[in-house]
A.B. asks: 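Input: one structure, supplied below.
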Amino acid sequence: MPPAPLEDESGLLSGSGLVAEKAKRLAKLDDMRAGGAEPYPYRFDRTHTLAEVRAEHGSLEAGTETDARVAVAGRMMLKREQGKLIFATLRDRSDELQLFISKATVGDDAFEFIANLDLGDWVGVGGVVMATRKGELSVKVETLQLLSKAVRPLPDKWKGLTDTDTRYRQRYADLIVNEQARRNFQVRHAVISSFRNTLSGHGYIEVETPVLHVEAGGAHARPFITHHNTLDMNLYLRIALELHLKRLIVGGMERVFEIGRIFRNEGISTRHNPEFTMMESYQAFADVSDIIALTEELIVTAARDALATTVVDIDGEQVDLAEPWRQARMIDLVAVAIGVEVHPSQPVEQLRALAAQHGVSCAPRWGSGKIIEELFEATAEHMLVRPTFVTGHPVETSPLARTDRNDPFLTERFELFVNRRELANGYSELNDPVEQRMRFEDEQAAKDAGDDEATGVDEDYLRALEYGMPPTGGLGIGMDRVAMLLAGAQSIKEIILFPTLRPEVH
RNA sequence: GCGCCUCUAGCUCAAUGGUAGAGCAGUGGACUUUUAAUCCAUUGGUUCAGGGUUCGAGCCCCUGGGGGCGCACCA
């Protein structure tokens, strides 16, 4: 029995446009149910992914048919009707494969049903593997079952979505039609997986620490504030993982890492999303030099794992990440950039004058170290395209880092820059509770003076340090930015599945 | 927050201030080897919203909204 003609009570079914299109597809569902079929079955047993079919039969000669019976499932992306034959393109996560549907094989009713399917419908198929006369590997369909209906039409089958707003808001649609988006998130997964493997191989264990903090410390950023009802107190969403992980080093866990979401109440740009993913690791008995080596290993290994190459395109330049990465002190980079030696031991007036010469405006409370860092950002940072470890940050801007063993004004710290972007930050950890208290008090003073990104004194963290933290090297890596680098993404929104957007207006 | 750009059919895009169009998708038809199938026919519009100028506004002006880019912010 051919399906009964669709009724058109509202007049919608004769029209076009989204409303009519949805009405037509919903009517097909009603029609199926009226015929006793379930358009949303509970499960489907497949024997092969599409990639597995291709792997087993990819070399099949044109015009041959096997007796290999397979069950595959996926979304129907394209349909080419040719009289008593239909060719359809099926896609699952692994691959795409052609379906070959012959009226003579499936029978008149099933053929009519298949011809009535819409692009975007999920189907489960049973059939045999064959290759068409043109040599296209296909499944010759014997049975076909609708697994779920696409009531809403897919975007343009060839051009996909181009409007970035729609792509980010409707990431589900973006993933259906844009190969590049699917690839970006595979790269992201491979990077995170690779990091876990590398760290595990070095004896690190993965931990989870609180997202809700009483004190938002470990970085210099404005936090999000939330409220706990039962405790009747404000809490902060974490801006870093650092202070809890180092408590675990005090506890003797020796090597820990966490990959977690952190939240900073700052601007949104192609490089910033309010919530993003940070990997932080801490290793007892290590110092900054060990951590620099680890950073390089993590990222180079991730490139191999995600891309099967260490060569990446950075701003149009082919860069082999496997080549050793440059190291340079911040003060030396500034000196080269402005032609004048700088050091945080210099009087603040002198540095203030230099800053003015280079268009850097200084807040009154800034000391020499902070001004040098601002000078670095204004004059040197933009030149760091190839991977560069910038080292020796001033003590003033590094309240959790250990003082350089050879220079009391600098710290044993580095930031990794690639393509002008900061990707990682690490240091020999400050483990002297007395000195840490003084650094915190400096921060508190800045906070009291109106710096809303400064943190206060974390007494519990100081108590932990008083129990004794071994010498420790720590690292933080922005996972989104590593994923951007390896995926070649120009915006952080391209590697965050659901980036922060204003609510949609209707 | 500031500046520049942008918003037209479900999707991708056109349209000197003068009747809003095309391709894809959809609908009807032909076709047993297609590959973004092809061919014939055809439906589909609050031009982001609201004002204004004009005989006449998708287009010009103002206000508002979404988005993009840049700046600022982001140790």
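Numbers restart at 1 for each chain; the letters A, B, ... are given by sequence-line order, proteins then strands.
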A.B. asks: Among A/L465, A/D432, A/L462, whose side chain to side chain contact (heavy atoms under 4.5 Å, CB included) with A/R437 holds?
C.D. replies: A/L462
A.B. asks: Measure CG/A/L161 against C1'/B/G68 and give the value in whole Å, please.
C.D. replies: 16 Å
A.B. asks: Within the 4.0 Å heavy-atom criterion, would you say A/R80 contacts the bases, only the backbone, or no part of the nucleic acid?
C.D. replies: base
A.B. asks: Does B/A36 have OP1 or OP2 sitting under 4.0 Å from an N or O in the side chain of A/K157?
C.D. replies: no
A.B. asks: Applying a 4.0 Å non-hydrogen cut-off, can you work out what A/A454 is touching in the nucleic acid: base, sugar-phosphate, or nothing?
C.D. replies: nothing
A.B. asks: With sequence neighbours left out, which residue pairs that include part of residues 394-404 of chain A fulfil the salt bridge (Lys or Arg N to Asp or Glu O under 4.0 Å) condition?
C.D. replies: none
A.B. asks: Between B/U43 and B/G28, how many Å separate the two C1' atoms, rounded to a whole number?
C.D. replies: 10 Å
A.B. asks: Taking ring-ring contact (aromatic ring centres under 6.0 Å, His included) as the test, write out the residues that go with A/Y461, two or more places apart.
C.D. replies: none
A.B. asks: Give one of base, sugar-phosphate or nothing for A/E377, where a contact means two heavy atoms less than 4.0 Å apart.
C.D. replies: sugar-phosphate
A.B. asks: Answer yes or no: does atom CD of A/Q490 have more than 12 heavy-atom neighbours from other residues, nucleotides or ligands under 6.0 Å?
C.D. replies: no
A.B. asks: Report yes if a side-chain nitrogen or oxygen of A/T162 is closer than 4.0 Å to either non-bridging phosphate oxygen (OP1 or OP2) of B/C13; otherwise report no.
C.D. replies: yes
A.B. asks: Send over the distance from A/K24 NZ to B/U43 C1', rounded to a whole Å.
C.D. replies: 7 Å
A.B. asks: Per the side-chain hydrogen bond (donor to acceptor under 3.5 Å, both in side chains) rule, what does the pair list look like for residues 346-360 of chain A, sequence neighbours excluded?
C.D. replies: none
A.B. asks: Reading nucleotides 1-6 of chain B 5' to 3', which nucleotides get B (base under 4.0 Å from a protein heavy atom), which S (sugar-phosphate only), which -?
C.D. replies: ------
A.B. asks: Base, sugar-phosphate, or nothing for A/D156, non-hydrogen atoms under 4.0 angstrom?
C.D. replies: base
A.B. asks: When you measure from every atom of RNA chain B, which of residues 418-431 of chain A have a heavy atom less than 4.0 Å away?
C.D. replies: none
A.B. asks: May I ask you to say what A/T270 touches in the nucleic acid, namely base, sugar-phosphate or nothing, with a heavy-atom cut-off under 4.0 Å?
C.D. replies: sugar-phosphate
A.B. asks: Respond yes when some side-chain nitrogen or oxygen of A/K28 is under 4.0 Å from OP1 or OP2 of B/U27, and no when none is.
C.D. replies: yes
A.B. asks: In whole Å, I'd like the distance from the CZ atom of A/R365 to the C1' atom of B/A75.
C.D. replies: 12 Å
A.B. asks: Rounded to whole angstroms, how far apart are CZ on A/R169 and P on B/C11?
C.D. replies: 14 Å
A.B. asks: Side chains of A/Y168 and A/E494 only: does a donor on one sit below 3.5 Å from an acceptor on the other?
C.D. replies: yes
A.B. asks: Quick check: on RNA chain B, is the nucleotide nearest A/H393 upstream (toward 5') of the one nearest A/L119, or the reverse? Name the residue that is more 5'.
C.D. replies: A/L119
A.B. asks: May I ask you to check whether A/T403 and A/R439 show a side-chain donor-acceptor distance below 3.5 Å?
C.D. replies: yes
A.B. asks: Measuring from the side chain of A/A221 (C-beta onward, heavy atoms only), which nucleotide among B/G26, B/A75, B/C71 has the closest atom?
C.D. replies: B/A75
A.B. asks: Does A/R167 place a side-chain N or O at less than 4.0 Å from the phosphate oxygens OP1/OP2 of B/U12?
C.D. replies: no
A.B. asks: Give the stems involving RNA chain B, where a stem is 3 or more consecutive Watson-Crick or G-U wobble pairs (i with j, i+1 with j-1, and so on) under 3.5 Å.
C.D. replies: B:1-7 with B:65-71, B:10-13 with B:21-24, B:26-30 with B:38-42, B:48-52 with B:60-64
A.B. asks: Quick check: any donor-acceptor pair below 3.5 Å linking the side-chain of A/D163 to the base of B/G67?
C.D. replies: no
A.B. asks: In whole angstrom, give me the gap between the C1' atoms of B/U38 and B/U32.
C.D. replies: 15 Å
A.B. asks: What's the gap between B/A9 and B/A14 when it is taken at their P atoms, as a whole Å value?
C.D. replies: 12 Å
A.B. asks: Under the ring-ring contact (aromatic ring centres under 6.0 Å, His included) test, which residues partner A/W122, sequence neighbours left out?
C.D. replies: none
A.B. asks: When you check the gap from the basic side-chain N to the acidic O, do A/R420 and A/D315 get nearer than 4.0 Å?
C.D. replies: yes
A.B. asks: Using the P atom on both, measure B/C61 against B/G29 and round to a whole Å.
C.D. replies: 50 Å
A.B. asks: Can you tell me how far P of B/U12 sits from NZ of A/K159, to the nearest Å?
C.D. replies: 10 Å
A.B. asks: As an exercise, state the distance from CD of A/Q170 to CG of A/L175, rounded to the nearest 0.5 Å.
C.D. replies: 11.5 Å
A.B. asks: Can you tell me how far C1' in B/G50 sits from the matching atom in B/C7, rounded to whole Å?
C.D. replies: 16 Å
A.B. asks: At under 4.0 Å between heavy atoms, what does A/G63 touch on the DNA or RNA strands: base, sugar-phosphate, or nothing?
C.D. replies: nothing
A.B. asks: How far, in whole Å, is B/U8 from B/U46 if one measures between their P atoms?
C.D. replies: 12 Å
A.B. asks: Using atom CG of A/N178 as one end and atom P of B/C11 as the other, report the distance to the nearest whole Å.
C.D. replies: 14 Å
A.B. asks: Can you name the ring-ring contact (aromatic ring centres under 6.0 Å, His included) partners of A/H57, sequence neighbours left out?
C.D. replies: none
A.B. asks: Which nucleotide in the set B/C73, B/A75, B/A36 lies at the smallest distance from any side-chain heavy atom of A/R264?
C.D. replies: B/A75
A.B. asks: Using atom types as modelled and distance alone, determine if a side-chain donor or acceptor of A/R171 lies under 3.5 Å from a backbone N or O of A/P499.
C.D. replies: no
A.B. asks: Does A/V177 have any side-chain contact (heavy atoms from CB on, under 4.5 Å) partners at least two apart in sequence or in another chain, and if so, which?
C.D. replies: A/P155, A/L161
A.B. asks: Mind checking what makes ring-ring contact (aromatic ring centres under 6.0 Å, His included) contact with A/F100, not counting sequence neighbours?
C.D. replies: A/F87
A.B. asks: With no hydrogens and no angle check, do the side chains of A/H393 and A/E373 hold a donor and an acceptor under 3.5 Å apart?
C.D. replies: no
A.B. asks: Got a sec: does the OH of A/Y236 have more than 12 other heavy atoms crowding it under 6.0 Å?
C.D. replies: no
A.B. asks: Determine the interatomic distance between C1' on B/U12 and the same-named atom on B/G18; round to the nearest Å.
C.D. replies: 27 Å
A.B. asks: Write down the distance separating the P atoms in B/A57 and B/A49, rounded off to the nearest Å.
C.D. replies: 15 Å
A.B. asks: Give the rounded distance in Å between these two atoms: CD1 of A/I239 and C1' of B/C73.
C.D. replies: 15 Å
A.B. asks: Restricting to side-chain contact (heavy atoms from CB on, under 4.5 Å), what partner residues turn up for A/D442, sequence neighbours left out?
C.D. replies: none
A.B. asks: Dump every N/O contact between nucleotides 30-33 of chain B and the protein below 3.5 Å, one line per pair.
C.D. replies:
| unit_1 | atom_1 | unit_2 | atom_2 | d |
| --- | --- | --- | --- | --- |
| B/C31 | N3 | A/G83 | N | 3.0 |
| B/U32 | OP2 | A/K84 | N | 3.2 |
| B/U33 | O2 | A/R133 | N | 3.2 |

A.B. asks: Would you kindly give the NZ-to-P distance between A/K493 and B/G66, to the nearest whole Å?
C.D. replies: 14 Å
